[in-house]
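What follows is a single structure, written as structure tokens, with notes after it.
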Amino acid sequence: MKLYNTLTRKKEDFVPLEPGHVKIYACGPTVYNYFHIGNARPFIIFDTLRRYFEYLGFKVTFVQNFTDVDDKMITRAEQERTTLAELGERFIMEYFKDAEGLGIRAATVHPRATQHIGEIISIVRTLIEKGHAYVNDGDVYFDVQSFPDYGKLSGQSAQDRMAGARIDVFEQKKNPEDFALWKAAEPGEEGWDSPWGKGRPGWHIECSAMSMKYLGDTIDIHAGGQDLIFPHHENEIAQSEAATGKPFARYWLHNGYININNEKMSKSKGNFFTVRDIAEKYDLSVVRLFMLSAHYRSPINFSEELIAQAASAMARIKNCRDNLKHISQSGASGETNVASHITALKARFRQAMDDDLNTAEALGVIFEFIREANQLFESSKDADAAAEVLTALDNVLEVLGLLPKEDKIPERVEELVKKRQEARAARDYAAADGIRDQILSLGYTLKDTPDGVKISKT
RNA sequence: GGCGCCAUAGCCAAGUGGUAAGGCCAAGGUCUGCAAAACCUUCAUUCCCCGGUUCAAAUCCGGGUGGCGCCUCCA
């Protein structure tokens, strides 16, 4: 499998440190609010990466943190007159609700920053001892000049950035590019005791601490949004490698941005969609399909029109599965040869995914397979062959996290369908149409097809 | 000032040297008590522009135009 590594700016063959085992750390959400579709993109992409590794037979240890202490958390907690712990707990629960709708599986571990204060303090202490960090009035800063490799991920040296002269100079820092490892608590602010006084961790150090704790000093893949390349990931590399003397992560993966109606999503513009907003109108699997229909590194645009397009495409997948399922339960036999189609599907799907997780191409392969399946079973109703095709289709859909959840048809609806069939047989179409309306009012849509009646959730 | 990305049909999007995947929309057809849906077929001689390399370029090189991101909390 090839993956584009931001560190080398090339697609590289992926080779795990430990054969058969992939260790991934993905930067997770700050839990001060519902997450938005911009956040959703990396969650979906890297969940898909994890699923694909498992499909290939790897064991995957996938760590995604919750940032439950930072400026935004503190501000929000003050506004709501609550504690960091309560606020964090609440939005962690909300994260899992939205994640489930999007088909994002729970990570192997979801560590929280506030539960790793001890580990964080320990790394900061090591950095001070090794001369990579210094204390100033309760704050601790990383000394960027002490780490010559600084800039290797973002491709920018400290001097390059200085040319922009847009970095504020704080007199507490030796150099403007130094960053906080530990911040002293403001009066009245929540904090933790440390050797440097009461305070809280800086933003970057938590990821280093939790990655090392759960995955070891060197991991295979560290992932996140492109905007995290600098400074967040650059700083993680500096503090981690300075502390351990070992490489921190071997492959760095970054997903592209989402724009809203061709504009950068921002709160000041008000063009802001949370996943929760979208869930009011669309099944969230549509959002997942939308995200996977372009390459993960490309910037993508989000709009009402585009999500509607994705919804239509999702319906095509569902219809094909419904048809196959129906035929597979028909009991009809036949001689349909599906083996070559299935072999081709698997090979082409894998080829696409092996190429830096080209989900757009993988979806193309799946849609071609769907058309082939529709053609094959248009006339021949071979139950066993349909079941085989459905299984093959479901396997690849599952890797992409797009396998639709089964709608359970309530008994009441089943009864009505039966009654309607009787009415139709008796040519009492007025009664039949009345029953169809009843079924609709229960939230199910009924369709007459050449293969019989089909019911689906409206 | 530095670092980087992108430009393919009405809309979205794959394709990095061998003659344009796929989805949406649209049109035609099949099926159907009706309705709706579904399914099938068709839909880019051409890939922002100008040069160049090559037997061969959407793909490589040079130049241009247009759009965008990061360097500051941010997925």
Side-chain angles (χ1 to χ4, degrees), chain A residues 6 9 11 26-30 35-46 67 70-72 75 151 153-168 177 203 223-232 234 254-259 262-267 289-290 292-295 297-303 305-320 322-323 348 352 355 358-371 373-375 377-379 424 427-430 432-433 436-437 440 445-451 454 456:
Chain A
T6 306
R9 298 178 190 233
K11 275 189 205 173
C27 289
T30 302
F35 66 86
H36 56 70
I37 55 162
N39 299 306
R41 192 176 190 191
F43 302 157
I44 291 168
I45 294 299
F46 300 123
T67 296
D70 80 336
D71 290 342
K72 289 180 305 237
T75 306
L153 182 69
S154 58
Q156 300 195 89
S157 66
Q159 292 90 320
D160 289 339
R161 268 172 288 102
M162 288 307 290
R166 294 180 62 188
I167 298 168
D168 295 333
E177 67 269 27
W203 172 38
Q226 263 165 11
D227 54 329
L228 295 183
I229 295 172
F230 189 89
H232 185 54
E234 194 72 73
H254 294 99
N255 63 274
Y257 268 98
I258 292 186
N259 295 320
N262 294 311
E263 283 190 323
K264 186 180 171 179
M265 177 165 46
S266 72
K267 284 177 185 169
L289 178 65
F290 167 75
L292 296 178
S293 63
H295 187 89
R297 283 189 286 114
S298 311
I300 54 174
N301 194 227
F302 182 89
S303 70
E305 187 195 352
L306 295 174
I307 204 74
Q309 288 186 8
S312 296
M314 194 69 215
R316 185 170 166 82
I317 295 175
K318 281 189 176 158
N319 283 324
C320 179
D322 286 348
N323 287 333
R348 296 179 61 204
D355 183 15
N358 193 337
T359 54
E361 183 157 339
L363 281 168
V365 170
I366 290 173
F367 278 110
E368 280 185 73
F369 183 75
I370 283 173
R371 189 171 62 233
N374 288 336
Q375 286 167 342
F377 296 104
E378 196 175 9
S379 50
R424 290 180 77 210
R427 301 198 163 260
D428 184 355
Y429 295 121
D433 289 353
R436 182 165 62 195
D437 289 343
L440 190 64
T445 305
L446 180 148
K447 296 170 201 166
D448 294 316
T449 77
D451 302 323
K454 281 185 192 147
S456 57

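The chains referred to below are lettered A, B, ... by the order of the sequence lines, with proteins before strands, and numbering in each begins at 1.
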- Where each residue is assigned the nucleotide of RNA chain B containing its nearest heavy atom, which of A:Leu446 and A:Gln226 is assigned the position nearer the 5′ end? A:Leu446

- Query: Starting at the 5' end of RNA chain B and moving along, which residue's nearest nucleotide shows up first, A:Gly256 or A:Ala308?
  - Reply: A:Ala308

- Message: Run the side chain to side chain contact (heavy atoms under 4.5 Å, CB included) test against A:Ala352 and tell me which residues pass, sequence neighbours left out.
- Response: A:Glu361, A:Ala362

- Message: Looking at B:A38, I'd like to know if its phosphate oxygens (OP1 or OP2) sit under 4.0 Å from a side-chain N or O belonging to A:Lys318.
- Response: no

- May I ask you to evaluate whether A:Asn323 reaches the phosphate of B:C39, defined as a side-chain N or O under 4.0 Å from OP1 or OP2? no

Checking all strands, does [X] fall into the base, sugar-phosphate, or nothing category for heavy-atom contacts under 4.0 angstrom?
X	answer
A:Asp71	nothing
A:Arg436	base
A:Ile229	nothing
A:Gly38	base

- Query: Which letters describe nucleotides 10-23 of chain B, given B = protein heavy atom under 4.0 Å from base, S = only from sugar-phosphate, - = neither?
  - Reply: -BSSSS-----BSB

What integer distance in Å separates [X]:[atom1] from [N]:[atom2]?
X	N	atom1	atom2	result
A:Glu234	B:G4	CD	C1'	14 Å
A:Asn319	B:C31	CG	P	20 Å
A:Leu153	B:C3	CG	P	16 Å

Considering only [options], which nucleotide approaches the side chain of [X] most closely?
X	options	value
A:Arg424	B:U41, B:C70, B:G33	B:G33
A:Thr30	B:A75, B:C40, B:C3	B:A75
A:Phe230	B:G33, B:C40, B:C70	B:C70

Could you give the side-chain donor-acceptor pairs of residues 312-320 of chain A under 3.5 Å, partners two or more places apart or in another chain?
{"unit_1": "A:Ser312", "atom_1": "OG", "unit_2": "A:Ala308", "atom_2": "O", "d": "3.4"}
{"unit_1": "A:Asn319", "atom_1": "ND2", "unit_2": "A:Ala315", "atom_2": "O", "d": "3.0"}

- The Watson-Crick or G-U wobble partner of B:G1, with both key distances under 3.5 Å, is B:C71

- Query: Where is the tightest heavy-atom contact between A:Ala360 and A:His295, given as atom of each residue plus distance?
  - Reply: CB-N, 4.3 Å

